[in-house]
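Accompanying notes for the structure given below.
Side chains included, hydrogens not; waters and symmetry mates left out as well; all remaining heavy atoms used. Everything numeric here is computed off the predicted structure, so don't read it as measured data.
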Amino acid sequence: MERKLFRAGNGWSLFLPKVIIELLKIDPEKDTIEMQIENDILKIKKVIKEKEDIE
């Protein structure tokens with residue numbers, strides 16, 4: 001799946017299709033994500049909060 005970046009303020013944004021959000025089981029209103037770069041590959045994953053962080 002190819003996507004283009006688009007301007008957002010002073011930076012750039014990437015549109016993530018709903019299907020990707022669903023596959024990652026991300027609730028965009030509540031969850032946060034982590035981004036890592038490995039060998040020129042951007043990896044995005046949902047941050048799993050530990051039990052003590054939730055309480």
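Among residues at least two apart or in separate chains, salt bridge (charged side-chain N to carboxylate O under 4.0 Å, His left out) pairs with a member in residues 34-43 are E38-K43. Pairs of residues two or more places apart, or lying in two chains, that qualify as salt bridge (charged side-chain N to carboxylate O under 4.0 Å, His left out) and include a residue from residues 4-21 are K18-E22.
Linking Ile, Leu, Val, Met, Phe, Trp and Tyr residues whenever their side-chain heavy atoms come within less than 4.5 Å leaves I37 and I41 in two separate clusters. I44 and I48 fall into different hydrophobic clusters, where Ile, Leu, Val, Met, Phe, Trp and Tyr are joined by side-chain heavy atoms under 4.5 Å apart, directly or via other members.
Of the inter-residue distances, the one linking I20 atom CD1 with L14 atom CG reads 10.0 Å to the nearest 0.5 angstrom.
The side-chain contact (heavy atoms from CB on, under 4.5 Å) with V47 is formed by just one residue from the set I33, I26, T32, D31; it is T32.
You'll find the side chain of K46 stays beyond 4.5 Å of the side chain of L24, heavy atoms only.
Nearest approach of F15 to F6, heavy atoms of both residues: N-CE2, 3.8 Å.
Legend: residues meeting salt bridge (Lys or Arg N to Asp or Glu O under 4.0 Å) with K45, ordered by chain and number and at least two apart, are absent.
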